[in-house]
Amino acid sequence: MDLVDLYCDQVYVINEQQVAYEGHPHQLWQQNALLERARLRLPDRLRHGQEVGETYDLVY
Amino acid sequence: MKEMTQLKPLIEVNQFSFDYEQLNEPLISEVSFTINKDETVLLMGSSGSGKSTISLCLNGLYPDAVEGVASGDIFFKGINIKDFEKGELNQNVGIVFQDPESQFCMITVENELAFTLENIETPREEIEPKIDQVLKTIGMVDYKYHNIHELSGGQKQKVALASVLLLDPELIILDEPTANLDPVSSIEFINLIKGLKQETQKSIFIIEHKADDWLDFTDRVLVLNKQGQLIANDTPRSLFTTNKPLVENEGLFIPKTYQKQTLKPQNEGTSKPVEANMVINNLSFNRKKTMILNNINMTLNKGEMVAIVGENGAGKSTLLQLMAGILKPKKGNITFLGEPMQKWKEQKLRQHMGFVFQNPEHQFITDTAYDEVSFGMTLNGYSEDVIKERTEQLLHNFQLSAHKWSNPFALSGGQKRRLSVATMLDETPDLLLFDEPTFGQDAQTTNELMSIVKDLQTKGTTIFL
């Protein structure tokens, strides 16, 4: 997931045989319900932020 | 950190060697360490270093079960494990294996757990309450009557853990328990262990080649080198800072928390000319009656890096194989560089599209790095001069010149990965497909590869992960 976060221009999420998301990765990380449904883990950069209680500005 | 002096060893391994054949170059060589009560110890080592073998020696299964040879001693609470009755030690030292399937005997969760309890002669009236209790511990009360084979990998692994917990062992060995789990299930399993650790005072011995997720409750880390010798026995902090080179030399991953560089996203605000390389329309695919992909639409633009993500079994590999023309769609179509996929001739297609396998070793077909890179060009009928020049250039670009006559299998992990990409670049491809690249795991290999990949991107290649 880190590669997706750091380098990809576009990401597709496949869930229940269909495309459940398409767009820039940084917007995907805000979609908690979808991440949970598709069993995706946040990239390292954001996970560690969460663990120590920092907040990241996800508006690009 | 716990006070070492106050702890009495639960396990003491003393100058222990083991091999399946003979002891002159043993698989495990004169290893000594202790595991104390209430301690969490993590054992790292590259594949083939004998990590799993150690765990089977600790619970007394080896050397007898495999007719191996051993020297030195292992003590459990001060008693030599050779002096235990068969089966006695297994109740005190429980193991959860990498592949949960390998340890089930019954069909349903309830029966499996009951079977464990019957084996240790649990009184009949206690069986049901104990099963309910352990299912509560692992958070699977609702799955009591489910068939084990219908559970997810993560759930199976929890059931395997429950079976071990029912024996109430003093030491739990976890042998790469998350190796076959998806990232979310894997972290769920680790959190379950962490919770257990807080509630019970069990000792935990974890075997892993990546320490990251276990670190915040690991007291000590042991490192086994390729010769089966113990080269470190240290706290995580000291090992991954002061003794970092030791870990790196073994090709093991330094946990992200201890890697100096924090990576910054490099994918912000770049606007690229939009020109489609591949268009996928209403694509559906099924195997027998199971729908794998249903009405997928995608557009991959020139010079873009695109990823597909989804849980294990979501159909990612199937989609990649459809895109590479290895599988044919049941419905819908794929257009590559303006031509429908079915019109592409195999050889021509391979010149415009590269496919990098998940495991680089699966790609190697020759005896040297040089032959590996030149193979495609030879097939395409290039002249010898052209082949020689381009092969040398590619090996140089991928920092493999010094290894050109090495056997691909003898290269290091990072070199293998670079070579597997180099072999796809005899022509600058329009589309480069990566099937779950595993190179994101150590910082150096990732950086090396990403700079190569980004260079291709600027030349207009579409990268698909």
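Only this structure's heavy atoms are used, side chains among them; waters, hydrogens and symmetry mates stay out.
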Just give me the residue among A:Asn15, A:Leu28, A:Leu40 that pairs up with chain B most often, heavy atom to heavy atom, under 4.5 Å. A:Leu40

What is the minimum heavy-atom distance between B:Ala307 and A:Val4, and which atoms define it? CB-CG2, 3.7 Å

Interatomic distance, A:Gln10 atom CD to B:Met305 atom CE [nearest 0.5 angstrom]: 13.0 Å

Do A:Arg39 and B:Glu188 have side chains that approach each other closer than 4.5 Å (heavy atoms only, starting at C-beta)? yes

Would you indicate whether the side-chain heavy atoms of B:Phe285 and A:Gln17 approach each other to under 4.5 Å? no

What do the steps show when you test A:Ile14 against B:Ile296 for side chain to side chain contact (heavy atoms under 4.5 Å, CB included), and what is the final call? CA-CA 9 Å; A:Ile14 306 274; B:Ile296 304 280; 3.9 Å; yes

Closest heavy-atom contact between A:Gln18 and B:Asn294? CG-O, 3.3 Å

Kindly indicate whether the side chain of A:Cys8, heavy atoms from C-beta on, has any atom under 4.5 Å from the side chain of B:Leu465. yes

What is the distance from atom CG of A:Leu3 to atom CD1 of B:Ile463, rounded to the nearest 0.5 Å? 12.0 Å

Distance (rounded to the nearest 0.5 Å) between A:Tyr7 OH and B:Lys454 NZ: 7.5 Å

Evaluate the criterion side chain to side chain contact (heavy atoms under 4.5 Å, CB included) for residue pair B:Val309 and A:Val11; output intermediate values, then yes/no. CA-CA 7 Å; B:Val309 296; A:Val11 58; 4.0 Å; yes

From the list B:Ile187, B:Thr318, B:Leu300, the residue making the most non-hydrogen contacts under 4.5 Å with chain A is B:Ile187

Whatever's closer than 4.5 Å to a heavy atom in chain A on B:Ile292 counts as backbone

If I measure from the heavy atoms of chain A, does B:Leu283 come under 4.5 Å with its side chain, its backbone, both, or neither? neither

Count the heavy atoms belonging to other residues, nucleotides or ligands that lie under 6.0 Å from NZ of B:Lys330, then report whether that count exceeds 12. yes

Looking at A:Glu36, I want to see if its CD is surrounded by more than 12 non-hydrogen atoms of other residues, nucleotides or ligands under 6.0 Å. no

Taking side chain to side chain contact (heavy atoms under 4.5 Å, CB included) as the definition, give me every residue that meets it alongside B:Thr178, ordered by chain and number, with sequence neighbours left out. B:Leu181, B:Ser186, B:Phe189, B:Ile190, B:Glu208, B:Trp214

Minimum heavy-atom separation for A:Val19 and B:Asn297, please, with both atom names. CG2-O, 4.2 Å

Where is the tightest heavy-atom contact between A:Tyr12 and B:Thr299, given as atom of each residue plus distance? OH-N, 3.1 Å

Can you name the residues that form a side chain to side chain contact (heavy atoms under 4.5 Å, CB included) with B:Gln155, not counting sequence neighbours? B:Met140, B:Tyr143, B:Leu151, B:Ser152

